[in-house]
Amino acid sequence: MIIGVPKEIKNNENRVALTPAGTQELVKRGHTVYVQTTAGSGSGFQDDEYQKAGATLLPTAADVFAKAEMIMKVKEPVEQEYKLIRKDQLVFTYFHFASYEPLAKAMLESGAICLAYETVERADGSLPLLVPMSEVAGRMSIQEGAKYLEKPLKGRGILLGGVPGVKPAKVLVLGGGVVGTNAAKIAAGMGADVTIVDLNLTRLRYLDDVMPKNVHTLVSNDYTIREEVKDSDLIIGGVLVPGAKAPKLITRDMLKTMRPGTVLVDVAVDQGGCIETCRPTTHEDPTFIIDEVVHYCVANMPGAVPYTSTLALTNATLPYAIRLANQGWKKACQESQELRLGLNVIQGQVVYKAVADAFNLPYTDVSNYLA
Ligand SMILES: NC(=O)c1ccc[n+]([C@@H]2O[C@H](COP(=O)([O-])OP(=O)(O)OC[C@H]3O[C@@H](n4cnc5c(N)ncnc54)[C@H](O)[C@@H]3O)[C@@H](O)[C@H]2O)c1
């Protein structure tokens with residue numbers, strides 16, 4: 001198969017979808033890999049390393065899109081890329097369709113096959129291509145939250161871990177999945193007083209078992225969250241309903257009950273956010289303030305630590321990419337239930353129920369394409 005890796009162009013996005021090591025694995029199996037020049041440089045991988053691994057460099061994204069049967073990206077295509085994607089081309093990347101209708105419409109019009117990293121799902125319900133980035137974003141959410149709690153950055157001026165004789169900060173983590181667990185682990189390690197809320201009691205039991213003593217668990221409901229936000233210093237949004245828009249657990253009216261300088265980090269912003277007042281921000285201008293509450297809502301948090309993120313992402317995507325390249329998308333998705341669940345859009349039809357529901361679009365069962 002001919003695989004194309006364009007350079008990411010979203011604001012401050014320095015990740016790349018394939019490393020030189022991944023390139024070598026694909027080339028070794030007889031595939032052709034085209035990489036846009038400097039695509040890996042933001043992550044510390046230089047053009048000559050890709051060439052040594054067997055890739056051919058192309059100067060522009062248009063060249064890469066024109067040649068490739070499968071495009072591997074990191075972030076969802078942005079407007080300049082819409083017109084480069086063509087009928088029957090396989091695009092393997094994060095899409096987060098439910099949070100942005102123009103993207104869904106553009107991909108439907110393109111006639112491409114959109115296989116979304118975030119909905120590839122194992123039999124146990126885990127999301128293997130979301131996990132590595134959630135690990136990064138969860139850990140980073142505390143690093144960023146701690147920074148914005150500093151007074152010069154408009155926070156409450158509280159040190160996360162406190163000091164002997166002074167209480168630590170209170171961290172509320174919404175969602176005890178991968179983001180939430182990684183956030184809680186780092187916050188607890190820094191000495192904060194941490195509470196995780198989740199709907200899933202089994203998950204809370206597990207977290208109660210494995211987390212240190214300064215992590216508490218609570219069942220998620222509106223009443224409890226209303227009470228908790230009043231004296232929390234840092235609130236992390238990490239809930240997910242796979243493929244759907246995130247539920248709004250923090251509503252506008254709750255902001256007035258929070259202390260001035262409270263920091264909200266809505267990691268779930270890429271699925272529409274679980275904090276009503278959040279809107280996507282960028283690494284260049286990551287925060288805004290409403291009712292004296294600091295909002296940090298960067299939609300591509302792992303983009304700020306591209307070295308770690310690129311390696312973590314490609315560790316997870318490569319086995320799937322090899323399978324798609326070896327077998328073609330149809331056969332690979334016939335044989336792999338995990339990959340089949342990644343199919344969101346096929347040749348102008350939505351084949352993922354939650355995406356169709358989000359925009360009232362007609363839904364077609366994926367089996368119609370795989371028979
Ligand atoms: N902003 C970024 O850069 C970035 C990076 C990585 C992941 N994310 C996003 O972070 C979000 C969380 O990802 P994850 O991997 O942790 O998902 P996950 O599936 O591992 O965890 C989500 C958790 O939310 C819980 N949940 C669902 N509804 C809830 C509710 N009403 N109240 C409390 N808990 C509820 C689930 O039970 C689950 O435990 C996703 O939207 C993901 O796309 C964003």
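Whatever order the structure lists them in is the order used to number ligands and atoms, beginning at 1.
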Indicate whether the side chain of Gln89 and that of Glu69 have a donor and an acceptor atom separated by less than 3.5 Å. no
Checking Asp193 against His216: is there a side-chain donor and acceptor pair closer than 3.5 Å? yes
Any N/O of Leu174 closer than 3.5 Å to an N/O of ligand 1? no
Between Asn300 and Glu13, is there a side-chain donor-acceptor contact under 3.5 Å, judged purely by atom types and distance? yes
Measuring from atom 12 (C) of ligand 1, which candidate in Gly238, Gly176, Gly273, Cys297 has the nearest non-hydrogen atom? Gly238
If only side-chain N and O atoms count, and only distance matters, is there a donor-acceptor pair under 3.5 Å linking Thr224 with Asn221? yes
Leu199 and ligand 1 - part of the residue with a heavy-atom distance under 4.0 Å: both
Name the option, out of Met133, Lys248, Lys245, that contains the heavy atom nearest to atom 6 (C) of ligand 1. Met133
In terms of atom number and element, which parts of ligand 1 are under 4.0 angstrom from non-hydrogen atoms of Pro302? 3 (O)
For Val298, is the nearest heavy atom under 4.0 Å from an atom of ligand 1? yes
Could you tell me whether some N/O pair between Val178 and ligand 1 is separated by less than 3.5 angstrom? yes
Only one of Glu76, Glu79, Glu284 clears salt bridge (charged side-chain N to carboxylate O under 4.0 Å, His left out) with Lys10; which? Glu76
Between Gly180 and ligand 1, is there a nitrogen or oxygen pair with a distance under 3.5 Å? no
Per-atom contacts of ligand 1 with Asn300, taking only distances under 4.0 Å to non-hydrogen atoms: 3 (O)
Is there any N or O on Ser134 that sits under 3.5 Å from an N or O of ligand 1? yes
Within the structure, does Ser220 bring an N/O atom to less than 3.5 angstrom of an N/O atom in ligand 1? yes
Closest approach of any protein heavy atom to atom 22 (C) of ligand 1, naming residue and atom: Leu240 N, 3.4 Å
Closest non-hydrogen protein atom to atom 16 (O) of ligand 1, residue and atom name please, with distance? Val179 N, 2.8 Å
Under 4.0 Å from one or more heavy atoms of Gly175, ligand 1 contributes atoms 24 (O), 34 (N)
Using 30° and 60° as the class boundaries, would you call the ring planes of Tyr148 and Tyr296 parallel, tilted or perpendicular? tilted
Please check whether His96 reaches ligand 1 - meaning an N/O of the residue sits under 3.5 Å from an N/O of the ligand, judged on distance alone. no
Applying the side-chain hydrogen bond (donor to acceptor under 3.5 Å, both in side chains) criterion to Lys170, which one of Asp231, Thr195, Asp233 satisfies it? Asp231
Quiz question: by atom type and distance under 3.5 Å, do the side chains of Lys75 and Thr93 form a donor-acceptor pair? no
Identity and separation of the nearest protein heavy atom to atom 3 (O) of ligand 1: Met301 N, 2.7 Å
Polar atom proximity, Leu130 to ligand 1 (N or O, under 3.5 Å): no
So, Glu109 and Tyr82: side-chain donor and acceptor under 3.5 Å apart, yes or no? no
Can you pull out the closest protein heavy atom to atom 37 (O) of ligand 1? Residue, atom name and distance to 0.1 Å, please. Asp198 OD1, 2.6 Å
Near Ala137, which atoms of ligand 1 are under 4.0 Å from a heavy atom of that residue? 4 (C), 5 (C), 6 (C)
Rounded distance [0.5 Å steps], OH in Tyr50 versus OG1 in Thr19: 6.0 Å
Give the atom numbers and elements of ligand 1 that come within less than 4.0 Å of a heavy atom of Asp270. 4 (C), 8 (N), 9 (C), 41 (O), 42 (C), 43 (O), 44 (C)
Under 3.5 Å, N or O to N or O, is Val267 touching ligand 1 that way? yes
Side chains of Asn14 and Glu8: do they bring a donor and an acceptor to under 3.5 Å? no
Would you say Ala299 contacts ligand 1, with heavy atoms under 4.0 Å as the rule? yes
Distance (rounded to the nearest 0.5 Å) between Thr364 OG1 and Gln349 CD: 4.0 Å
Check whether the ring centres of Tyr352 and Phe97 lie less than 6.0 Å apart, and answer yes or no. no
Could you tell me if Thr217 and Arg203 have a donor-acceptor pair between their side chains, going purely by distance under 3.5 Å? no
Winner among Val239, Asp222, Leu249, Leu201 once heavy atoms are compared against atom 26 (N) of ligand 1: Val239
For Gly177, the atoms of ligand 1 under 4.0 Å from one of its heavy atoms are 16 (O), 18 (P), 20 (O), 21 (O), 23 (C), 39 (O)
